[in-house]
Amino acid sequence: MDDVEKAILISFDESGAIDSELKLQAVNFCQKIKETPSICSLCIEKLCFCKLVQVQFWCLQALQEVIRVKYGSMSLEEKNFIRKSIFSMACLEGINDKMCVVLDSPAFIKNKLSQVLVTLIYFEYPLIWSSVFVDFLPHLSKGAVVIDMFSRLLNALDDELVSMDYPRTAEEVAVAGRVKDAMRNQCVPQIVRAWYDIVSMYRNTDPETCVTVLDCMRRYVSWIDIGLIVNDAFIPLLFELILVDGLLEQLRAAAAGCVLAVVSKRMDAHSKLSLLKSLQISRVFGLVSDDNDSDLVSAIAALITGYAVEVLECSKRVNTEDAKVISMELLDEVLPTVFYVMQNCEMDAAFSIVQFLSGYVATMKTHSSLQENQMLHISQILEVIRTQIRYDPMYRNNLDMVDMIGVEEESRMLEFRKDLFVLLRNVGRVAPEVTRIFIRNSLASAISSSSDKNAEEVEAALSLLYALGETMSDEAMRVGNGLLSELVTNLLSTRFPCHSNRLVALVYLETIERYMKFIQENVQCIPLVLAAFLDERGIHHPNIYVSRRASYLFMRIVKLLKSKLVPFIETILQSLQDVVARFTSMNLASREPAGSEDGAYVFEAIGLLIGMEDVSLEKQSDYLSSLLTPLCQQVEVTLMNAKALNPDESSLQLANIQQIIVAINALSKGFSERLVTSSRPAVGHMFKQTLDVLLQILVVFPKVEPLRTKVLSFIHRMVDTLGASVFPYLPKALEQLLAESEPKEMVGFLLLLNQLICKFSTLVRDILEEVFPTIAGRVFSAIQRVVDSSVTETNTEEIRELQELQKTLYTFLHVIATHDLSSVFLSPRSRDYLTSIMQLLLHTSCHHKDIVTRKACVQIFIKLIKDWCAKSSGEEKVPGFKSFIIETFATNCCLYSVLDKSFEFGDANTLVLFGEIVLAQKVMYEKFGDDFLVHFVSKGFPSPQNLAEQYCQKLKFVFAG
């Protein structure tokens, strides 16, 4: 072993036993050798004598690199030497009377040798080395070793140059075209003949070699003359290989792959149809009923589905009636086997079941009525859909426990099913009655054979029924028919043994909710609906995910049925007693703190039920009192004992209070303002008492942000529910909320004030005047940090919260101004902040990056001008405001900001802003007349004077219009 071989071995070492410094030296040494003039002769010599695969690979790699990089600068002699040597190695010939050992090496060495040959072909074929393929053919008689090498050469040529499955440069595409044209003209017929002879000769004695040849041939069918394959010799040979029992399975599969390549070859539609008919593909149908996991069955399945795709495509492209008839006959012949393959075989990744079936269903839309065989195909398509949407039982436990594997599988199936359900809708439009009957039978089958072991079948049948409901209009569902009535009745009256399965339970409830329009018109179904949601199939299901979803869906159902549920209120409340008791029970320490939203939908449903005027006042009061009283008592007890609680107890109690507030909040949603304030004020009184209790939470736990947020949400609800009668409670509530308000909470506080202003307008003036100075002081102090942070471009959570506060402040100021409350800004305690407000609004209206915010600020100025400025030149309502508007706002906002390059007139929002700026100028002209115009034009257009005068006249004209 010489130094070169040692260096190569060291450079390839991955054991970790070689010192890294030594390995680096070896790599550098090898790199220097590559740069020597004698590298090619050195490599070829090593390839002839050295049996070390690392050395062989390095030499072939070096030769390929040298040819790629230095081919143009090589001497003619050197090129001839490389060409002859490499070709001799591939053909099992000696070099200088010495036999090369490369073809005895592993496959990856032979693959590398073929790549070197392809690199030479890239530069030399056909202009320099025109005989490379023809010269190779006689050597195939040497047997399997050379045949294998020739196949590797053709495969490498396809991978490295010809195939368009890989991205190619423009130069590579041009070279590929040149090579293919030359091969077609010179040697393709001889190569095809060699393939045929080899397969015929070796099929029984060396089937592995035949597999290699056929896999190679498959690659070339797409661009060679199809007549070389589709003839009385080759096609019968391929089908014979496919159909004869006893041959190597891989050989039969390789032959099927070649036929698939023939089927898939691009050509004129009529020619393709004739080809497809001549193949008599039905000969292979029986092969897919064997072992579905075998390579042969997979290859036959790919052949049959590929054939069906091509026939379907031909049916769309042919333009004669005879051709259309033939294409449909071929489709009718192949479809039953395609359906079998779809349901029982491993599908080729390139074949899209949905795409193919959607294409076939689309052909039926042109028919006025479906034939019997098409109706059969529709049923088979529906069966395929049912099979495809079915979950794999191996994931049953994962899906039930909702572990990571289960979540991934459910997400995958959710995405996978989308296209299948689109296909189902299309089938339903083409054959609605067949679709409904199929779904009815699927449901009946699931019911009759239901057991814990077939949860996936039940879930699939229910999912089909749900999807059918999605395709029906509200009117069609309301009217219904015998079949729909049967479907819904069967659904409601069935108790599946596998109902404990999470997915089955969920889709069962979702499906009932989907058909509520039918149930609304068929009230005899209501008891069955209530039973499904109130027993262990729904809210009382042992799986928490099901019970939570059931609570939400039940609330939606109550919203839809409402007054029709009045006769069932007692039954419903009795069924929900245990759920309610988890909140109303005084034994807090014995229960686990659940999520704060748990039970909210149940209480909302109860509120919707008992909040109807159809319920008598006496019963309504009793129901509400039985719920509110124990809930409020729990809160009061906790508040009284707050100081005595240890940290663990306190945490549990606070979590329980949050749940209670959520429950009361949800309960109140069922009571309208008219009912609690006008028709039944006694009910309103109970909510006022509840509000009084919950406001105490802000006093006892002033710094517990989650509690404050929940109480704030309840105040929002009471504003809508109690109307103006909430006013006596607002001063105390607002005082407590404002006492400890951080920037994040201040946003919620401002939103509450916005709600009050929008609902009550000027009635909240006194309240607003009381709290506004504190708000202004805190908000301006806080948002100054946003301004300061912009310099350092800090993007912390705190800054984002402050930016949200600033955005909410603009809305708050806008709501004040546009609800005739601008006098709040002028109250004695608020005047200290007037200058800051004006400067903020001015800066924002001119420079804020959000155009909508700028527009709001301009609108505020317009309203303030209207409110604070009189047309006559009397005493100013707000001293200095007029001059601020004329001298500062007008020029900065209405002129300079518009002229700024950031003002994009092509943007729709910017155009709306510009409209408000023009309106502001009009309002200023109406209020200030020439005082505004003269200053605006003289400052904005200092010269020339005639331009200023022209602009002045134009503004007068516009404003007069």
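Residue numbers start at 1 and run along the sequence shown.
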Does atom [atom1] of [X] have more than 12 heavy-atom neighbours from other groups under 6.0 Å away?
X    : atom1 : value
K559 : NZ    : no
K732 : NZ    : yes
E618 : CD    : no

Going by an N to O cut-off under 4.0 Å, is there a salt bridge joining [X] and [Y]?
X    : Y    : value
K863 : D867 : yes
R765 : E770 : no
R549 : E510 : yes
E745 : R708 : yes
R556 : E604 : no
E475 : K517 : no
D720 : K669 : no

Donor-acceptor contact present, side-chain [X] to main-chain [Y], <3.5 Å:
X    : Y    : value
Q755 : H716 : yes
H819 : L821 : no
H814 : Y810 : no
S547 : I544 : yes
R478 : F518 : no
Y515 : G469 : yes
N501 : V504 : yes
Q620 : V683 : no
S761 : I757 : no
D692 : K688 : no

Does [X] reach the side chain of [Y], with side-chain heavy atoms less than 4.5 Å apart?
X    : Y    : result
S616 : K619 : yes
F687 : L628 : yes
I697 : L694 : yes
L399 : E410 : yes
Y508 : H499 : yes
F825 : V878 : no
I572 : V558 : no
V546 : L509 : yes

Would you say the side chains of S563 and D614 form a donor-acceptor pair under 3.5 Å?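 No, no side-chain donor-acceptor contact under 3.5 Å.
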Consider only side-chain N and O atoms of S625 and S621, and report whether a donor and an acceptor are under 3.5 Å apart. no
Can you check whether Y601 and F554 have ring centres sitting under 6.0 Å from each other? no
Report yes if the distance between the aromatic ring centroids of F772 and Y833 is under 6.0 Å, otherwise no.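 No, they do not, as the ring centres are separated by 6.0 Å or more.
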With salt bridge (charged side-chain N to carboxylate O under 4.0 Å, His left out) as the test, would you mind laying out the steps for K564 and E521 before giving the verdict? CA-CA 10 Å; K564 293 175 182 176; E521 301 299 318; 5.0 Å; no
Separation between CG of L573 and OH of Y623, rounded to the nearest 0.5 Å: 6.0 Å
